[in-house]
Colleague: 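The structure follows.
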Amino acid sequence: MKIFIDFDDVIFNTKKFKTDFKNMFIENGISDEIFDKYYNDPNDPRAIKTFDPWRQIECIYNNESGIDKEKLNKLVYEFIADMSAYIFADVADFVRAVGAENISIVSFGEREFQTKKVLNSGIGKFIPKIVITDTSKAEAIAKILENEKGNSSEGMFFLDDRVEQIHNIKENFPDMITILIKRPEGRYQEMQKEDCCDHEVHNLKEAQKIIESYA
């Protein structure tokens, strides 16, 4: 059995993290409007964009007056030093139930920031196999499968909160069992299950039951 699982909004409460992160900026003189204006790089053409707080700070510094760039950079490093409070409470039980050796985290994001966020969450204590990609999750999974060269007939599962990511995986791995994770705490409540999603669940306990049903 191989389980490929997303990080943001599946393992990690990204909505709460983003709220707290934005509040830190607001408390230090950056308005809500300015934070949102420079949240994503306007020159990033990808449908799913990555977040880089240091690029965001640079954009704010270059376009707005009275910005203490060094202070903001320092605050970001201090804020992300310990991200353990944002791990969902059901993660540890899920890992114990299905086995850490069967799980690989495949996370999409800007490499430096996403790597720091994932590692500083402490999730590596539960799930040591972690891959960060800023291109394609399908390519990342293909490399994992090539390196591990396991039993090709074993069940493979992909857990994600984004339908477009699931669609891409289903195109590349038609036999992959795909599970749309739609937590109440997630950011994408408007996301609707499509044909590429074999199942929809609202927490990892429900995902566990589905995985176990294929055993």
Colleague: Sort and list the pairs that fulfil ring pair (Phe, Tyr, Trp, His ring centres under 6.0 Å) and have at least one residue in residues 189-215, not counting sequence neighbours.
Modeller: Phe157-Tyr214, His199-Tyr214
Colleague: Using a cut-off of 6.0 Å, state whether more than 12 heavy atoms not belonging to Lys69 lie near its atom NZ.
Modeller: yes
Colleague: So which atom in Lys129 and which in Glu101 form the shortest heavy-atom distance, rounded to 0.1 Å?
Modeller: NZ-O, 2.8 Å
Colleague: Between Asp134 and Arg111, is the closest basic N to carboxylate O distance under 4.0 Å?
Modeller: yes
Colleague: Please give me the minimum heavy-atom distance between Ile130 and Gly124, naming the atom from each residue.
Modeller: CD1-CA, 4.1 Å
Colleague: Under the salt bridge (Lys or Arg N to Asp or Glu O under 4.0 Å) rule, what do Asp32 and Lys22 come out as? Steps first, then yes or no, please.
Modeller: CA-CA 7 Å; Asp32 186 281; Lys22 177 191 274 193; 3.2 Å; yes
Colleague: Is Glu58 close to Asp52 at the side-chain level, that is, under 4.5 Å between some pair of heavy atoms?
Modeller: no
Colleague: Checking the side chain of Asn28 only, and the main-chain atoms of Met24 only, is there a donor and an acceptor separated by less than 3.5 Å?
Modeller: yes
Colleague: How about Asp20 and Tyr86: does a side-chain donor come under 3.5 Å of a side-chain acceptor?
Modeller: yes
Colleague: Find out if a path of hydrophobic residues (ILVMFWY) with successive side-chain heavy-atom gaps under 4.5 Å connects Ile26 to Ile67.
Modeller: no
Colleague: So how far is it from Thr135 OG1 to Phe108 CZ, rounded to the nearest 0.5 Å?
Modeller: 7.5 Å
Colleague: Would you compute the distance between atom CD1 of Ile211 and atom NZ of Lys209 and round it to the nearest 0.5 angstrom?
Modeller: 13.0 Å
Colleague: Any sub-3.5 Å donor-acceptor pair from Ser121's side-chain atoms to Val118's backbone N or O?
Modeller: yes
Colleague: Should Arg162 and Asp9 count as an ion pair when the cut-off is N to O under 4.0 Å?
Modeller: no
Colleague: Pair Ile141, Phe173 - check side-chain contact (heavy atoms from CB on, under 4.5 Å), show working.
Modeller: CA-CA 10 Å; Ile141 289 173; Phe173 305 98; 3.8 Å; yes
Colleague: Please round to the nearest 0.5 Å and tell me the distance separating atom CD1 of Ile179 and atom CD1 of Ile5.
Modeller: 9.0 Å
Colleague: Ring centres under 6.0 Å, that's the criterion: do Trp54 and Tyr77 meet it?
Modeller: yes
Colleague: CG of Asn13 to CD1 of Ile87: how many Å apart, nearest 0.5 Å?
Modeller: 9.5 Å
Colleague: Quick one: pull up CD1 in Ile80 and CG in Leu75 and give me the separation to the nearest 0.5 Å.
Modeller: 11.5 Å
Colleague: Can you say whether the rings of Phe21 and Phe79 are parallel (under 30°), tilted (30 to 60°) or perpendicular (over 60°)?
Modeller: perpendicular
Colleague: Can you confirm whether more than 12 heavy atoms, excluding those of Lys74, are under 6.0 Å from its NZ atom?
Modeller: no
Colleague: What do the steps show when you test Asp160 against Leu180 for side-chain contact (heavy atoms from CB on, under 4.5 Å), and what is the final call?
Modeller: CA-CA 5 Å; Asp160 206 294; Leu180 175 65; over 6 Å; no
Colleague: Could you go through Ile169 and Lys137, starting from their C-alpha distance and side-chain angles, then the distance that decides it, and tell me whether this counts as side-chain contact (heavy atoms from CB on, under 4.5 Å)?
Modeller: CA-CA 7 Å; Ile169 293 299; Lys137 287 189 178 182; 4.2 Å; yes
Colleague: List the atom of Asn168, the atom of Asn172, and the distance in Å for their closest heavy-atom pair.
Modeller: O-ND2, 2.7 Å
Colleague: side-chain contact (heavy atoms from CB on, under 4.5 Å) between Glu112 and Glu110: does it pass, once the steps are laid out?
Modeller: CA-CA 6 Å; Glu112 181 183 0; Glu110 191 279 327; 3.7 Å; yes
Colleague: Can you confirm whether Arg187 sits close enough to Thr14 that some side-chain heavy atom of one is under 4.5 Å from a side-chain heavy atom of the other?
Modeller: yes
Colleague: Ignoring hydrogens and geometry, is there a side-chain-to-backbone donor-acceptor pair from Asp6 to Ser107 under 3.5 Å?
Modeller: no
Colleague: Rounded at 0.5 Å granularity, tell me how far CD1 in Ile127 sits from CD1 in Ile105.
Modeller: 4.0 Å
Colleague: Kindly assign one of parallel, tilted or perpendicular to the pair Phe113 and Phe51, based on the angle between their ring planes and the thresholds 30° and 60°.
Modeller: perpendicular
Colleague: Is any side-chain heavy atom of Ile103 closer than 4.5 Å to a side-chain heavy atom of Phe126?
Modeller: no
Colleague: Tell me if a side-chain donor or acceptor on Ser84 pairs with a main-chain N or O of Asp82 at a distance below 3.5 Å.
Modeller: no
Colleague: Going by distance alone, is a donor N or O of one side chain under 3.5 Å from an acceptor N or O of the other, for Glu64 and Tyr38?
Modeller: yes
Colleague: Distance-only, no hydrogens or angles: does the Thr178 side chain make a donor-acceptor pair with backbone N or O of Phe158 under 3.5 Å?
Modeller: no
Colleague: If you draw a 6.0 Å radius around CG in Asp36, do more than 12 non-hydrogen atoms from other residues or ligands fall strictly inside?
Modeller: yes
Colleague: Is it true that a side-chain atom of Glu200 and a backbone atom of Lys182 form a donor plus acceptor pair closer than 3.5 Å?
Modeller: no
Colleague: Sort and list the pairs that fulfil salt bridge (Lys or Arg N to Asp or Glu O under 4.0 Å) and have at least one residue in residues 116-127, not counting sequence neighbours.
Modeller: Asp8-Lys117
Colleague: State, yes or no, whether a side-chain contact exists between Asn203 and Arg183 at a heavy-atom distance under 4.5 Å.
Modeller: yes
Colleague: Side-chain contact, heavy-atom cut-off 4.5 Å: Ile30 with Leu72?
Modeller: yes
Colleague: Which residue, Gln165, Lys170, Glu164, forms the side chain to side chain contact (heavy atoms under 4.5 Å, CB included) with Cys196?
Modeller: Lys170
Colleague: Is there a side-chain contact between Glu27 and Phe25 (heavy atoms, below 4.5 Å)?
Modeller: no
